[in-house]
Protein chains: 2
Amino acid sequence: MDQVELFKALANKTRLQILTWLKSPEEHFPDYEPACGSTDVGVCVGYIQKKSGLTQSTISEYLSTLHRVGLVSATRVGQWTYYKRNEETIATLGNLIDTL
Amino acid sequence: MDQVELFKALANKTRLQILTWLKSPEEHFPDYEPACGSTDVGVCVGYIQKKSGLTQSTISEYLSTLHRVGLVSATRVGQWTYYKRNEETIATLGNLIDTL
DNA sequence: AAGATATATCGACTTTTTCCGATATTCCAA
DNA sequence: TTGGAATATCGGAAAAAGTCGATATATCTT
């Protein structure tokens with residue numbers, strides 16, 4: 001786990017927001033439901049994109065960034081990709097801070 | 001405390017190194033001593049610069065960045081500026097991660 | 001007061017990041 | 001199997017960050 005890359009991924013307002021949104025999807029995504037909202041695999045790109053106000057390509061890239069450093073997991077189901085927080089990495093990040 | 005700015009400051013290899021160097025100055029700065037090394041105000045810019053291998057201006061700016069976000073404290077004594085970890089902010093950062 | 005030393009700031013250039021629109025890919029449904 | 005929907009990828013323009021050398025500022029010494 002590259003510390004610098006991890007911090008870079010977190011050094012962006014929108015990416016940070018996505019991470020907090022994913023903490024309680026029911027709260028942050030109005031029409032979150034088991035269709036594109038699914039049960040527990042996460043939230044699909046479109047929902048996140050709409051909420052962010054940025055373009056589809058930008059959000060897709062941001063999610064890919066978060067995924068690359070392991071902050072979220074990605075699950076493809078049909079035409080949707082569900083993104084979900086990876087609590088394990090986030091916890092590890094906490095420890096990392098301590099070793100800072 | 002701006003989260004994004006904090007993460008930006010940490011999203012750089014050299015700045016991260018500086019932070020860890022300052023954790024145990026005696027260990028990381030060979031000729032650390034109460035002259036420019038002082039007792040407990042921190043380590044002067046020159047020492048950090050030499051160890052980093054980057055130019056004086058770059059390191060001065062990096063330290064200023066770390067100081068701006070509160071990760072280090074700066075104490076001017078004579079012609080030297082001593083930089084020291086600000087453990088308080090670093091601890092707060094740990095909590096911040098938890099609220100992520 | 002003048003020169004030397006430590007640090008800060010400025011201007012420039014290069015690299016990286018941010019974000020976009022357009023296009024490609026994948027999968028579903030009719 | 002063709003069209004539509006969701007996502008990914010590509011290419012680019014603009015902004016920000018990295019990094020330097022040169023210069024400015026502050027302080028110490030003589």
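Lettering follows sequence order; numbering is per chain, from 1.
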A.B. asks: Axis-to-axis angle across the helix from C/dA1-D/dT30 to C/dA30-D/dT1, five pairs an end, to 10 degrees?
C.D. replies: 20°
A.B. asks: Do B/Arg76 side-chain atoms and B/Tyr82 backbone N/O form a donor-acceptor pair below 3.5 Å?
C.D. replies: no
A.B. asks: Can you tell me how far NE2 of B/His67 sits from CD of B/Glu61, rounded to the nearest 0.5 angstrom?
C.D. replies: 15.0 Å
A.B. asks: Would you tabulate the pairs of protein nitrogen or oxygen atoms and nucleotide nitrogen or oxygen atoms of nucleotides 3-5 of chain D closer than 3.5 angstrom?
C.D. replies:
| from | atom 1 | to | atom 2 | distance (Å) |
| --- | --- | --- | --- | --- |
| D/dA5 | N3 | A/Gln79 | NE2 | 3.4 |

A.B. asks: Find the distance A/Ile18:CD1 to C/dC19:P and express it as a whole number of Å.
C.D. replies: 11 Å
A.B. asks: Enumerate donor-acceptor pairs with a distance under 3.5 Å from any side-chain N or O in residues 49-57 of chain A to protein atoms, sequence neighbours excluded.
C.D. replies:
| from | atom 1 | to | atom 2 | distance (Å) |
| --- | --- | --- | --- | --- |
| A/Gln49 | NE2 | A/Leu54 | O | 2.8 |
| A/Lys51 | NZ | A/His28 | O | 3.2 |
| A/Ser52 | OG | A/Gln49 | O | 2.8 |
| A/Ser52 | OG | A/Leu54 | N | 3.0 |
| A/Thr55 | OG1 | A/Ser57 | OG | 3.4 |
| A/Thr55 | OG1 | A/Thr58 | N | 3.4 |
| A/Thr55 | OG1 | A/Thr58 | OG1 | 2.9 |

A.B. asks: Between B/Val43 and B/Pro25, which heavy-atom pair has the shortest distance, and what is it?
C.D. replies: CG2-CB, 3.7 Å
A.B. asks: Check the pair B/Val45, B/Trp80 against side-chain contact (heavy atoms from CB on, under 4.5 Å), reporting the backbone distance first and the verdict last.
C.D. replies: CA-CA 7 Å; B/Val45 181; B/Trp80 291 280; over 6 Å; no
A.B. asks: Mind running a 4.0 Å heavy-atom check of residues 2-16 of chain A against DNA chain D and sending the residues that fall below it, in number order?
C.D. replies: none
A.B. asks: Looking at B/Lys8 and B/Asp2, does any basic side-chain N land under 4.0 Å from a carboxylate oxygen?
C.D. replies: no
A.B. asks: Under the 3.5 angstrom rule, does the side chain of A/Arg85 hit a backbone N or O of A/Leu19 as a donor-acceptor pair?
C.D. replies: yes
A.B. asks: Start at the 5' end of DNA chain C and walk down; is the nucleotide closest to A/Leu54 or to A/Gly78 reached first?
C.D. replies: A/Leu54
A.B. asks: Ignoring hydrogens and angles, write down the donor-acceptor pairs under 3.5 Å from the side chains of residues 89-100 of chain A, residues two or more places apart or on other chains.
C.D. replies:
| from | atom 1 | to | atom 2 | distance (Å) |
| --- | --- | --- | --- | --- |
| A/Thr89 | OG1 | A/Gly70 | O | 2.7 |
| A/Thr89 | OG1 | A/Asn86 | ND2 | 3.3 |
| A/Thr92 | OG1 | A/Glu88 | O | 2.8 |
| A/Thr99 | OG1 | A/Leu96 | O | 2.8 |

A.B. asks: Is the phosphate of C/dT7 approached by B/Tyr47 (side-chain N or O, under 4.0 Å from OP1 or OP2)?
C.D. replies: no
A.B. asks: Using a cut-off of strictly less than 4.0 Å, decide whether B/Thr55 has a side-chain nitrogen or oxygen near OP1 or OP2 of D/dT19.
C.D. replies: no
A.B. asks: Can you tell me if A/Thr81 touches the phosphate of D/dA6, counting only side-chain N or O atoms and a distance under 4.0 Å to OP1 or OP2?
C.D. replies: no
A.B. asks: Distance check needed: D/dA6 P versus A/Gln49 CD, whole Å only.
C.D. replies: 11 Å
A.B. asks: List in numerical order all residues of residues 56-69 of chain A for which some heavy atom is under 4.0 Å away from an atom belonging to DNA chain D.
C.D. replies: A/Gln56, A/Ser57, A/Ser60
A.B. asks: Which value, rounded to the nearest 0.5 Å, describes the distance between A/Ile59 atom CD1 and A/Ser64 atom OG?
C.D. replies: 12.0 Å
A.B. asks: Side chains of A/Leu10 and A/Arg15: does their closest heavy-atom pair fall under 4.5 Å?
C.D. replies: no
A.B. asks: Run the side-chain contact (heavy atoms from CB on, under 4.5 Å) check on B/Leu63 and B/Thr81 step by step: do they pass?
C.D. replies: CA-CA 10 Å; B/Leu63 288 168; B/Thr81 305; over 6 Å; no
